[in-house]
Amino acid sequence: MSGKKTPRFDFSLCVSCSICVQLCPVSAIELAEHGGSGDKNLYPAVGDGCIGCMQCLKSCPMNAISEDIKELAD
């Protein structure tokens with residue numbers, strides 16, 4: 001097994017500024033509804049096209065993005 005870097009979003013810190021969406025070089029991040037309990041805010045969601053460059057993490061003004069490693073089958 002090997003891993004692929006992907007962003008992990010902390011919705012308690014995210015202010016939905018969409019900077020990560022705008023700066024993603026492969027347009028792999030979009031804003032989408034998340035959570036239950038009546039929360040209708042839009043938050044970042046990463047798609048399968050993520051290349052693991054972590055430009056989103058580097059650009060987040062709220063430090064709401066961390067690096068996650070997704071396990072991939074060899």
Side-chain angles (χ1 to χ4, degrees):
M1 296 282 259
S2 62
K4 175 185 174 185
K5 291 192 289 186
T6 59
R8 175 183 292 169
F9 300 96
D10 182 340
F11 301 137
S12 69
L13 297 175
C14 178
V15 295
S16 301
C17 68
S18 78
I19 290 173
C20 57
V21 175
Q22 297 168 34
L23 294 180
C24 179
V26 294
S27 301
I29 303 172
E30 62 182 25
L31 293 182
E33 286 186 14
H34 284 270
S37 67
D39 184 0
K40 297 296 182 187
N41 291 328
L42 297 177
Y43 294 106
V46 65
D48 292 335
C50 177
I51 59 173
C53 71
M54 304 310 291
Q55 186 62 39
C56 53
L57 181 147
K58 299 169 192 169
S59 64
C60 180
M62 302 305 294
N63 294 318
I65 305 172
S66 60
E67 187 177 295
D68 194 16
I69 304 293
K70 293 209 178 202
E71 293 296 323
L72 303 173
D74 287 330

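To the nearest 0.5 Å, the span separating CG on Leu23 from SG on Cys56 amounts to 9.5 Å. For the atom pair CE (Met62) and OG (Ser12), the distance works out to 10.0 Å, reported to the nearest 0.5 Å. Between atom CD of residue Glu67 and atom OG1 of residue Thr6 there is a gap of 8.5 Å, rounded to the nearest 0.5 Å. Note that CE of Met54 and SG of Cys24 are 10.5 Å apart. Values are rounded to the nearest 0.5 Å.
At least one side-chain heavy atom of Leu42 sits less than 4.5 Å from a side-chain heavy atom of Glu33. Using a 4.5 Å heavy-atom threshold, the side chains of Lys4 and Ile69 count as separate. No side-chain heavy atom of Asp10 sits less than 4.5 Å from a side-chain heavy atom of Ser66.
Under the side chain to side chain contact (heavy atoms under 4.5 Å, CB included) test applied with Cys20, the options Pro44, Cys14, Pro7 reduce to a single match, Pro44.
Both Ile65 and Phe11 are assigned to one and the same hydrophobic cluster, defined by single-linkage of ILVMFWY side chains at heavy-atom distances under 4.5 Å. By the rule that hydrophobic residues join a cluster once side-chain heavy atoms approach within less than 4.5 Å of another member, Leu57 and Val21 end up as members of one cluster.
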Is there a side-chain contact (heavy atoms from CB on, under 4.5 Å) between Phe9 and Ile29 once you walk through the steps?
-> CA-CA 11 Å; Phe9 300 96; Ile29 303 172; 4.2 Å; yes
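Considering all non-hydrogen atoms of both residues, Gln55 and Pro25 come closest at CB-CD, 4.5 Å.
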